[in-house]
Visitor: 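Got a structure here, written out as structure tokens. Questions coming.
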Amino acid sequence: VEPFHALTIAMFWGPCVTYVNDVLVRNNPDLKATGQGSFFASFYIGRSIGYSLAGWISETVGMRFMFKSTLIAVGFLCLLVANFWRMEHNNGGPFETDLGRKRHSERDLKGLSEKNMDKKRAN
């Protein structure tokens, strides 16, 4: 079980750190340490709240309810992430990345070049 944890934590942690560095603090490079610290703090505060809440729920209502409610929460979170991903990749989204800007600029340039070609053909 432990080797799978090593893989999943690496697949989670790396993109999170990259996201904080490249997207959230892109315009303020002086805030990289603050962004990283905020991410780590929210991660561990969330874990401590989650562990406490899970213990209380399992003692109060039982393990079956705790796992069912966790499944519902994870499903909702997956839908939320999928929605943000869709917004990011289809519309440019609120957190536009360098890749998104490149894709949009290439599409705009292609559109401009087609308009220019249409103008030349009209002349």
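All of these numbers come straight from a predicted model, not from anything done at the bench.
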Visitor: Quick one: CH2 on W85 to CG on L80, what's the gap to the nearest 0.5 Å?
Guide: 15.0 Å
Visitor: Measuring from atom SG of C16 to atom CD of Q36, what distance do you get when rounded to the nearest 0.5 angstrom?
Guide: 9.5 Å
Visitor: May I ask you to decide if the ring planes of F40 and W13 are parallel, tilted or perpendicular, using 30° and 60° as cut-offs?
Guide: parallel
Visitor: Search all heavy atoms of N83 against all heavy atoms of R86 and return the closest pair with its distance.
Guide: OD1-NH2, 2.6 Å
Visitor: Identify the heavy atoms of A10 and P15 that sit nearest to each other, and give their distance.
Guide: O-CD, 4.0 Å
Visitor: Are any side-chain N or O atoms of T60 and backbone N or O atoms of I57, one a donor and one an acceptor, separated by less than 3.5 Å?
Guide: no
Visitor: Are the aromatic ring centres of F43 and F12 under 6.0 angstrom apart?
Guide: yes
Visitor: So, taking the atom named CG in L53 and the one named OG1 in T70, what distance separates them when rounded to the nearest 0.5 Å?
Guide: 8.5 Å
Visitor: Please round to the nearest 0.5 Å and tell me the distance separating atom CZ of R47 and atom CD1 of I49.
Guide: 13.0 Å
Visitor: Indicate yes or no: at least one non-hydrogen side-chain atom of V61 is less than 4.5 angstrom from one of M66.
Guide: no
Visitor: For residues I9 and Y44: do they belong to one hydrophobic cluster (side chain heavy atoms under 4.5 Å, members Ile, Leu, Val, Met, Phe, Trp, Tyr)?
Guide: yes
Visitor: Do the side chains of Y51 and M63 join up, straight or via other hydrophobic residues, at under 4.5 Å, putting them in one cluster?
Guide: no
Visitor: Output the distance between atom OG (S38) and atom CD1 (I45), rounded to the nearest 0.5 Å.
Guide: 9.5 Å
